[in-house]
Amino acid sequence: MICIFDILFLIFDIPTPELPEVETIKRQLADTIVGCKITNVWFDNPKSLQSNPLIFVKGVKGAIIQKIDRRAKLVIFYLDGSKAFVVHLRMTGRLLIRKAGDSIDAFAHVVLSLEKGLELRFCDARKFGFMRFLKDQKELKELLLGYGPEPLDDLSLEKFRQILSKNQRSIKEVLTDQKLISGIGNIYANDGLWLAKTHPLEPANKVDAAIVFKAIEKVLTEGLKDGGASDQWYVNAFGAKGKYQEHFKVYGRIGKPCLRCKTIIKRIVVASRGTFYCPKCQVF
DNA sequence: AGTGCGACCTGATCGC
DNA sequence: TGCGATCAGGTCGCAC
């Protein structure tokens with residue numbers, strides 16, 4: 001049975017940018033604005049420029065974007081002179097490439113003017129996201145040290161098994177803990193666990209690591225192929241929506257039938273986050 | 001040491 | 001019509 005609270009929750013759950021979404025943006029930016037000089041910086045919310053906004057402006061203005069990369073949910077902009085800045089979109093953040101004359105974007109908080117008449121706009125309705133300047137590679141390295149391995153890159157099954165075996169917290173908490181494994185958030189943890197037929201509350205050291213590993217790899221790859229999930233806020237660097245929301249397996253599907261067994265999908269709260277699962281397929 | 005929870009922030013929505 | 005309360009999300013920092 002669906003009750004009124006379920007419907008409320010259905011409305012309120014907000015998908016946020018994770019590895020596939022951030023990677024999509026990163027690829028588009030890398031194709032478009034590498035080599036561009038940053039000619040000006042505008043901002044209206046100092047908190048969007050973590051630490052000291054003036055240091056950000058001073059460090060970034062006049063610099064040339066050498067390379068754009070992604071680590072965890074961070075987009076990394078390498079500048080000349082071993083400087084860099086990173087962007088975290090958190091919940092509602094957007095990174096948009098626009099032409100200088102294009103109409104103003106809603107919730108724009110930082111705008112970097114670039115050569116070729118382009119602009120890189122950082123928009124964020126909730127103001128949770130941020131841009132952060134790093135004065136040298138050492139500072140950047142220190143920041144990145146806090147993140148676990150990349151699930152589609154340097155995370156082997158053996159390493160994954162090790163991480164799980166050392167943890168008795170729920171598998172969902174472990175999957176979304178950026179210190180342990182980076183890039184996985186609420187959407188792909190939910191869908192991956194559904195694919196692995198694993199209950200989100202099962203202790204990490206009790207689950208079948210190989211099955212969960214494969215499932216996570218699969219949903220992340222699928223999400224990437226679809227250009228991310230765009231239920232509410234997410235759009236890519238060109239302002240276009242992704243398609244993975246059309247392929248959600250359990251995420252946000254409360255009250256709807258399980259794609260495997262038709263059992264009604266349930267929602268519980270795990271570590272203060274909305275969590276969806278099939279009560280028949282995912283048991284422990 | 002490991003765990004848990006409040007704070008951050010605000011658009012969307014609901015109740016009154 | 002409109003105001004106030006509630007909720008979500010990722011991550012940090014603090015308290016137990």
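In the text below, chain A, chain B and the rest are named by the order of the sequence lines, each starting its count at 1.
The ring-ring contact (aromatic ring centres under 6.0 Å, His included) check on A:Phe56 picks up A:Phe85, with sequence neighbours excluded. Every residue two or more places apart in sequence or in another chain was checked for a ring-ring contact (aromatic ring centres under 6.0 Å, His included) with A:Tyr78, and none qualifies. Every residue two or more places apart in sequence or in another chain was checked for a ring-ring contact (aromatic ring centres under 6.0 Å, His included) with A:Tyr234, and none qualifies. The ring-ring contact (aromatic ring centres under 6.0 Å, His included) check on A:His109 picks up nothing, with sequence neighbours excluded.
In terms of phosphate contacts, A:His88 brings no side-chain nitrogen or oxygen within less than 4.0 Å of OP1 or OP2 of C:dG10. In this model, the phosphate group of B:dC9 is approached by a side-chain N or O of A:Lys47 to a distance below 4.0 Å at OP1 or OP2. Contact annotation: A:Gln178 side-chain N/O to C:dG10 OP1/OP2 distance is not under 4.0 Å. At the phosphate of C:dT11, OP1 or OP2 sits under 4.0 Å from a side-chain N or O atom of A:Lys73.
When the P atom of C:dG10 is taken as reference, atom CD1 of A:Ile187 falls 8 Å away, rounded to whole Å. Separating the CD atom of A:Gln50 from the P atom of B:dC9 is a distance of 12 Å, rounded to the nearest angstrom. The CD atom of A:Glu173 sits 14 Å away from the C1' atom of C:dT11 (whole-angstrom rounding). Straight-line distance from the CZ atom of A:Phe276 to the P atom of C:dA8: 9 Å, rounded to whole Å. The nearest whole Å value for the distance from the CZ atom in A:Arg71 to the C1' atom in C:dT11 is 16 Å. Nucleotide C:dT11 holds its C1' atom 8 Å from the CZ atom of A:Phe130, rounded to whole Å. Going from atom CZ of A:Arg90 over to atom C1' of C:dC12 covers 7 Å, rounded to whole Å. Atom CD1 in A:Ile14 sits roughly 16 Å away from atom C1' in C:dT11 (whole-Å rounding).
For the pair A:Glu222 and A:Lys249, the salt-bridge criterion is met [side-chain N within less than 4.0 Å of a carboxylate O]. Between A:Asp124 and A:Arg94, none of the side-chain N atoms (NZ, or NE/NH1/NH2) sits under 4.0 Å from a carboxylate O, so this pair counts as no salt bridge. A salt bridge links A:Glu23 to A:Arg70: at least one charged side-chain nitrogen sits closer than 4.0 Å to a carboxylate oxygen.
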| field | Dot-bracket summary - DNA chain C, pairs being Watson-Crick or G-U whose distances fall under 3.5 Å, with | when paired to another strand | value | .|||||||||||||||

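No engagement by A:Tyr234 is indicated, since no non-hydrogen atom pair under 4.0 Å with the nucleic acid exists. Residue-level contact check: A:Gly274 touches the backbone only, with heavy atoms under 4.0 Å from sugar-phosphate atoms and none from bases. A:Arg273 comes within 4.0 angstrom of a nucleotide base, judged by non-hydrogen atoms across all strands. Note on A:Glu18: nothing from the nucleic acid sits closer than 4.0 angstrom, heavy atoms only. Backbone-only engagement by A:Asn186 is indicated by non-hydrogen atom pairs under 4.0 Å involving sugar-phosphate atoms exclusively.
The side chain of A:Arg267 lies closest to C:dA8, out of B:dG11, C:dA8, B:dT3. Comparing atom distances between the A:Ala125 side chain and each of C:dG10, C:dA8, B:dG11 picks out B:dG11 as nearest.
The side chain to side chain donor-acceptor pair (under 3.5 Å) analysis of residues 271-284 of chain A, with sequence neighbours excluded, yields the pairs A:Lys172-A:Thr275.
Summary of the strand contacts: A:Arg169 and A:Trp233 both lie near DNA chain B, and taking for each the nucleotide with the nearest heavy atom, the more 5' one is attributed to A:Arg169.
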